[in-house]
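Shown next, in structure tokens, is the structure this report addresses.
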Protein chains: 2
Amino acid sequence: MASSQKPSTRERILDIALELFSEQGYDKTSLRDIAERLGTTKAALYYHFERKEDILLALHLRLHEIGRDVLVRLDELESAQAYVEAWPQLMDELIDRVAQNRELVLLHLRNARALESIGADERHQAENQDMLERFGRLFANPEIPLADRVRMTCSIGAALAGLIDTEDRFGDVDGAVLVELVRGSVRDMLTPLGAPSEPIPSG
Amino acid sequence: MASSQKPSTRERILDIALELFSEQGYDKTSLRDIAERLGTTKAALYYHFERKEDILLALHLRLHEIGRDVLVRLDELESAQAYVEAWPQLMDELIDRVAQNRELVLLHLRNARALESIGADERHQAENQDMLERFGRLFANPEIPLADRVRMTCSIGAALAGLIDTEDRFGDVDGAVLVELVRGSVRDMLTPLGAPSEPIPSG
DNA sequence: GTCTATATTTCGATAGAC
DNA sequence: GTCTATCGAAATATAGAC
């Protein structure tokens with residue numbers, strides 16, 4: 001009920017900003033760039049967003065929305081072992097979402113520093129139980145075997161590398177095919193999850 | 001013969017810039033920031049570097065130097081099959097070098113856009129048969145099976161994710177141990193390399 | 001909601017003394 | 001090699017008319 005039909009000016013600004021921020025970077029994109037592409041002026045943007053930062057933040061919330069229920073599912077797990085067991089399926093889901101929102105993910109990868117700066121900002125502490133911070137805490141959990149935590153960390157990097165900013169390499173490859181290949185690669189890295197890496201003291 | 005002993009002002013500038021650029025980003029780091037940390041003034045920097053860009057470029061050349069012989073070895077390979085067969089060992093080597101130059105690699109990941117901009121610059125076309133561009137061409141090579149190219153791409157992302165910007169997660173883990181765990185994860189993703197993914201027309 | 005100004009700040013870069 | 005002083009350009013943000 002809260003979507004579709006008219007692309008409000010606000011949404012149009014966000015779409016343009018998404019494109020420019022991920023293309024040229026947040027810092028190198030001026031409000032003038034955005035206004036020009038939108039066919040209006042700098043000052044007009046200030047009617048919709050108080051600060052430039054707020055545009056970036058709104059885009060961050062878009063990604064947050066996309067990954068929200070994945071995070072919820074992550075929070076429902078209660079033991080270290082549960083995390084490890086759930087991880088491969090969670091990555092399957094994550095790979096899909098990343099593939100469906102490449103530009104938005106690229107924006108976050110290419111502007112990680114800028115996003116950190118505004119993350120420390122006043123008015124978003126509630127929203128900003130951030131995804132990366134959340135994954136970070138998970139990977140720092142000493143109850144999970146180190147070898148597994150490293151594998152989990154690497155699996156995210158593998159998925160991103162296989163899907164993001166790959167137009168020049170895999171641009172002519174069908175999207176679904178690429179997703180399956182990435183999924184397969186990640187799975188192979190994750191199958192040893194939970195295997196005892198240090199000899200277990202028996203009996 | 002061309003190293004050790006006195007850290008020239010030039011090198012000190014580069015060390016400080018490396019730290020600040022990878023920490024705050026190239027764009028958000030002003031020459032004033034660098035000068036202050038060095039205990040001098042903005043203008044003094046211009047004696048050592050003509051432009052701000054040249055500082056970033058010098059750091060890029062540091063990384064280039066580190067990866068140079070890996071690229072040479074890559075160039076010596078002549079068949080698509082040779083690439084695939086050489087890849088796992090090449091990744092072993094790459095993982096070591098990344099681990100030994102984390103900050104420098106982080107700088108490149110976090111400032112990819114800024115580096116692109118100056119890469120298109122006049123006076124570096126020779127040096128700038130760039131690493132990423134080179135890997136990119138390799139991964140775009142249609143003679144190599146797509147499944148393998150995707151695996152190779154993912155393996156780089158996995159290595160980087162496991163080694164870079166991981167102080168908060170794996171900060172207290174011994175460096176050599178982390179390297180071995182990442183190496184193991186990457187190997188598991190690469191062992192299926194060269195396996196026929198599409199049924200081969202027999203006979 | 002969008003416009004034309006303009007205020008304000010910051011930064012890269014230069015000039016010239018020491 | 002480093003300094004002070006300053007230029008000029010660009011960017012964010014604001015004021016106020018329409």
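Each chain gets a letter, A, B and so on, in the order its sequence line appears, and its residues count up from 1.
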- Establish, from distance only, whether the side-chain atoms of B:Gln89 and B:Glu93 form a donor-acceptor pair under 3.5 Å.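 No donor-acceptor contact under 3.5 Å links the two side chains.
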
For atom [atom1] of [X] and atom [atom2] of [N], their distance in whole Å:
{"X": "A:Arg32", "N": "D:dA11", "atom1": "CZ", "atom2": "P", "value": "7 Å"}
{"X": "A:Ile55", "N": "D:dA13", "atom1": "CD1", "atom2": "C1'", "value": "12 Å"}
{"X": "B:Tyr46", "N": "D:dC7", "atom1": "OH", "atom2": "P", "value": "17 Å"}
{"X": "A:Leu56", "N": "D:dT12", "atom1": "CG", "atom2": "P", "value": "12 Å"}

Footprint ends on DNA chain C, 5' to 3', for atoms under 4.0 angstrom from a heavy atom of chain A, come out as C:dG1 to C:dT4

Which pair of heavy atoms, one from [X] and one from [Y], lies closest together, and at what distance?
{"X": "A:Thr9", "Y": "A:His48", "result": "CG2-NE2, 3.5 Å"}
{"X": "B:Val150", "Y": "A:Ser185", "result": "CG1-OG, 4.2 Å"}
{"X": "A:Leu104", "Y": "A:Leu59", "result": "CD1-O, 3.7 Å"}
{"X": "B:Lys42", "Y": "B:Ala35", "result": "N-CB, 3.5 Å"}

Residue met sooner reading DNA chain C from 5', once A:Tyr47 and B:Asp27 are mapped to nucleotides: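 Nearer the 5' end of the strand: A:Tyr47.
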
The correct set of residues in residues 35-45 of chain B placing a heavy atom under 4.0 Å from DNA chain D is B:Thr40, B:Thr41, B:Ala43, B:Ala44

| field | Side chain proximity check, A:Thr153 to A:Phe135, heavy atoms < 4.5 angstrom | value |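 Contact flag for A:Thr153/A:Phe135 side chains = no.
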
(Q) I want to check a possible cation-pi pair here: B:Lys52 against B:Tyr26, using under 6.0 Å from ring centre and within 45° of the ring axis as the test. (A)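 Here B:Lys52 passes the 6.0 Å and 45° test against B:Tyr26.
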
- Message: Once side-chain hydrogen bond (donor to acceptor under 3.5 Å, both in side chains) is applied, what residue pairs with a partner in residues 158-182 of chain A remain, sequence neighbours excluded?
- Response: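 Passing the test, one end in residues 158-182 of chain A: A:Arg110-A:Asp165, A:Glu180-A:Arg183.
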
Check [Y] with [X], please: is the shortest side-chain N to carboxylate O separation under 4.0 Å?
{"X": "B:Arg134", "Y": "B:Asp75", "answer": "yes"}
{"X": "A:Asp92", "Y": "A:Arg187", "answer": "yes"}
{"X": "B:Asp69", "Y": "B:Arg97", "answer": "yes"}
{"X": "B:Glu76", "Y": "B:Arg73", "answer": "no"}

Counting only heavy atoms and a strict 4.0 angstrom limit, can you tell me which residues of residues 10-22 of chain B come near DNA chain C?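 Here the set is empty: none.
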
* To do: Tell me what B:Ser8 touches on the nucleic acid: a base, only sugar-phosphate, or nothing, going by heavy atoms under 4.0 Å.
  =>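 Nothing, no nucleic acid heavy atom in range.
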
Pair up each side-chain donor or acceptor in residues 13-22 of chain B with any protein partner under 3.5 Å, not counting sequence neighbours, and list the distances.
from, atom 1, to, atom 2, distance (Å)
B:Asp15, OD1, B:Arg62, NH1, 3.2
B:Asp15, OD1, B:Arg62, NH2, 3.1
B:Glu19, OE2, B:Arg37, NH1, 3.0
B:Ser22, OG, B:Leu18, O, 2.6
B:Ser22, OG, B:Glu19, O, 3.2

- Item | Axis-to-axis angle between the two ends of the helix from C:dG1-D:dC18 to C:dC18-D:dG1 (five base pairs per end, rounded to 10 degrees) |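 Computed from the C1' atoms at both ends, the axes differ by 0°.
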
